[in-house]
Amino acid sequence: MTLSALVASTTAFAQSGGDKGYEFLNITTSSKVYAMGGQNITLIDDDINMINQNPALLGKEMHLQLGLNYMHYIGGSNFMGATFGLKAHERGALALGLQYFGYGEMKSAEADGTITGTFSPRDLSINLVYSHDITDRIRGGIAVKMISSSYEQYSAMALATDLGVNYFNPETDMSLSLVIKNLGGQVKKFNEETVDLPWDIQLGWSQFLRNSPFRLSVTATNLNKWKMPYYAIDDKAETGEDIVEKDAFMSSLFRHLTFGVEYAPSSKFYIGLGYSYKTRTDMTTYSRNFLSGFSLGAGFNTNALGFGVALAQPHVGGTTFMFNLRCNIAQFLNR
């Protein structure tokens, strides 16, 4: 199996539609974020599973909090990880996380198609996060990610950095964020082949509607590039199978945006619904259905424990499931 084919087969799980590798870095570890479209950098909640979206969402209120995440993704992919937070000082916090991305068993083959065996590709990311309260309403954060990849006999290592800032107004329940993700590069290449990190600039807004339990979110991603074409079957073609590129202005605009709505009648319960036009259009040439691009989830919380689940079906044969568990160890220690 060639390296380029191997990298393509593993990064395809992320539905990136781009030409970069390490796309697993864009997969959320939060079931609430996954329920609300898979991209969200502005949700202000006491849940450490969210901080991979934006390091500025980490705070001292997550002291001694442990978050566990598991996702059954497309095909035989299974992702899992853990994150632990600590108060660093009066205005800061630290977190350490480990994320494992396994893509199931794959067949290895020679260039002529001869099957030579099987292998299990995987990616591993160790994350160190620090946040600091700049003012009472503005918080900044930085995450450093050490990445190890193993695809058959090929291996690579990379370093990536996320920079984030969040503004939260508790009087109006409005949150605004800016994040620059995945700055960095490879330390060790795949067989001397360079693979770029999927660096990204993101803007986000979340707002509880006045005197209501509904919170709306809009997240803009891939702002470092405007044109985001996708491919679709040309219905006017004689064979009905010709693939054409779609790059209209409005299509590119909405492929940058992820929409989410949350119903949270109390701090102990929520239901989230999301829509990603990019996910839906990425599946245009596959067996997508009405649910493609939509996601749904719910969660329950107490002072000591919380859990959440989320579901999505990018295409007919690709139902995905995500589960989160949050444990506030400080509650058990009476601290």
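Gln65 and Asp46 form a side-chain donor-acceptor contact under 3.5 Å, judged by distance and modelled atom types alone. For the residue pair Thr319/Gln313, the side-chain donor-acceptor check at 3.5 Å is satisfied. Side-chain polar atoms of Tyr70 and Asn78 form a donor-acceptor pair below 3.5 angstrom. Donor-acceptor pairing under 3.5 Å is lacking for the side chains of Asn49 and Thr29. If you check the side chains of Ser175 and Asn166, you find a donor sitting under 3.5 Å from an acceptor. For the 3.5 Å distance criterion, the side chains of Thr42 and Ser206 qualify, holding a donor opposite an acceptor. Between the side chains of Lys227 and Ser252, not a single donor N or O lies within less than 3.5 Å of an accepting N or O.
Scanning both residues, Gly37 and Ser295, for their nearest heavy atoms gives N-OG, 3.2 Å. When all heavy atoms of Lys188 and Ser155 are compared, the closest pair comes out as NZ-OG, 2.8 Å. Residues Asp200 and Asn222 approach most closely at OD1-N, 2.6 Å, considering heavy atoms. Looking at every heavy atom in both residues, Ile134 comes nearest to Gly140 through CD1-N, 3.9 Å. The two residues Pro198 and Gly21 come nearest to each other via the heavy atoms CD-O, 3.2 Å. Smallest separation of non-hydrogen atoms from Leu43 and Ser217: CD2-OG, 3.8 Å.
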*Step by step, would you call Tyr22 with Trp199 a ring pair (Phe, Tyr, Trp, His ring centres under 6.0 Å)?*
CA-CA 10 Å; Tyr22 297 97; Trp199 83 279; over 10 Å; no
_Verdict with supporting geometry, Arg215 and Asp173, salt bridge (Lys or Arg N to Asp or Glu O under 4.0 Å)_ = CA-CA 9 Å; Arg215 175 162 56 178; Asp173 282 320; over 6 Å; no
*Test side-chain contact (heavy atoms from CB on, under 4.5 Å) on Ile142 and Thr161 and set out the steps.*
CA-CA 7 Å; Ile142 180 172; Thr161 300; 3.8 Å; yes
*Could you walk me through whether Met228 and Thr281 pass side-chain contact (heavy atoms from CB on, under 4.5 Å), step by step?*
CA-CA 11 Å; Met228 293 186 65; Thr281 49; over 6 Å; no
*For Asn182 and Asn26, run side-chain contact (heavy atoms from CB on, under 4.5 Å): C-alpha distance rounded to whole Å, both residues' side-chain angles, the deciding distance at 0.1 Å, then the answer.*
CA-CA 9 Å; Asn182 302 319; Asn26 292 324; 3.4 Å; yes
*How far apart are the C-alpha atoms of Leu159 and Ile147, what are their side-chain angles, what is the distance that settles it, and do they pass the side-chain contact (heavy atoms from CB on, under 4.5 Å) test?*
CA-CA 6 Å; Leu159 289 174; Ile147 304 154; over 6 Å; no
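Ring pair Tyr277/Tyr230 is perpendicular by interplanar angle, where above 60° counts as perpendicular and below 30° as parallel. Between Phe79 and Tyr103, the ring planes lie perpendicular to each other; the angle is over 60°, past the 30° to 60° tilted range.
Atom-to-atom distance recorded for Glu105:CD and Phe119:CZ is 9.5 Å, nearest 0.5 angstrom. With rounding to the nearest 0.5 angstrom, the OG atom of Ser177 is 6.0 Å from the CD1 atom of Ile44. To the nearest 0.5 Å, atom CG of residue Asn69 and atom CD1 of residue Ile48 are 11.0 Å apart. Taking CG of Asn324 as the reference point, atom CZ of Phe307 lies at 11.0 Å (rounded to 0.5 Å). Atom CD1 of residue Ile180 and atom CG of residue Leu178 lie 5.5 Å apart, to the nearest 0.5 angstrom. Rounded to the nearest 0.5 Å, atoms CD (Glu23) and CG (Asp123) are 11.0 Å apart.
Within the 4.5 Å cutoff, no side-chain heavy atoms of Asp162 are placed close to those of Gln53. Taking 4.5 Å as the limit, some side-chain heavy atom of Leu64 sits within range of a side-chain heavy atom of Leu86. Between Arg91 and Lys60 the shortest side-chain heavy-atom distance does not fall below 4.5 Å. Looking at heavy atoms from C-beta onward, Thr302 lies out of side-chain contact with Phe300 at the 4.5 angstrom threshold. Looking only at side-chain heavy atoms (C-beta outward), Ser30 and Met322 stay at 4.5 Å or farther from each other. When side chains are defined from C-beta on, Gln99 counts as touching Thr83, because their heavy atoms get closer than 4.5 Å.
Of the listed residues (Asp196, Leu197, Val195), just one forms a side chain to side chain contact (heavy atoms under 4.5 Å, CB included) with Gln186, and that residue is Val195. Under the side chain to side chain contact (heavy atoms under 4.5 Å, CB included) test applied with Leu216, the options Phe259, Phe208, Trp205 reduce to a single match, Trp205.
For residues 28-39, every residue pair satisfying the salt bridge (charged side-chain N to carboxylate O under 4.0 Å, His left out) rule, not counting sequence neighbours, is listed here: Lys32-Asp45, Lys32-Glu262.
For Arg326 (side chain) and Gly67 (main-chain N/O), no donor-acceptor pair under 3.5 Å exists by modelled atom type. With Gln331 contributing its side chain and Leu305 its backbone, the two residues share no donor-acceptor pair below 3.5 Å.
In the hydrophobic clustering of ILVMFWY residues, with side-chain heavy atoms under 4.5 Å counting as a link, Leu273 and Phe214 come out together.
Within 6.0 Å of CZ on Phe254 lie no more than 12 heavy atoms contributed by other residues, nucleotides or ligands. No more than 12 heavy-atom neighbours from other residues, nucleotides or ligands sit within 6.0 angstrom of OH on Tyr263.
Under the side-chain hydrogen bond (donor to acceptor under 3.5 Å, both in side chains) criterion, Lys246 pairs with no residue, sequence neighbours left out. Not counting sequence neighbours, the partners of Glu171 by the salt bridge (charged side-chain N to carboxylate O under 4.0 Å, His left out) test are Arg137.
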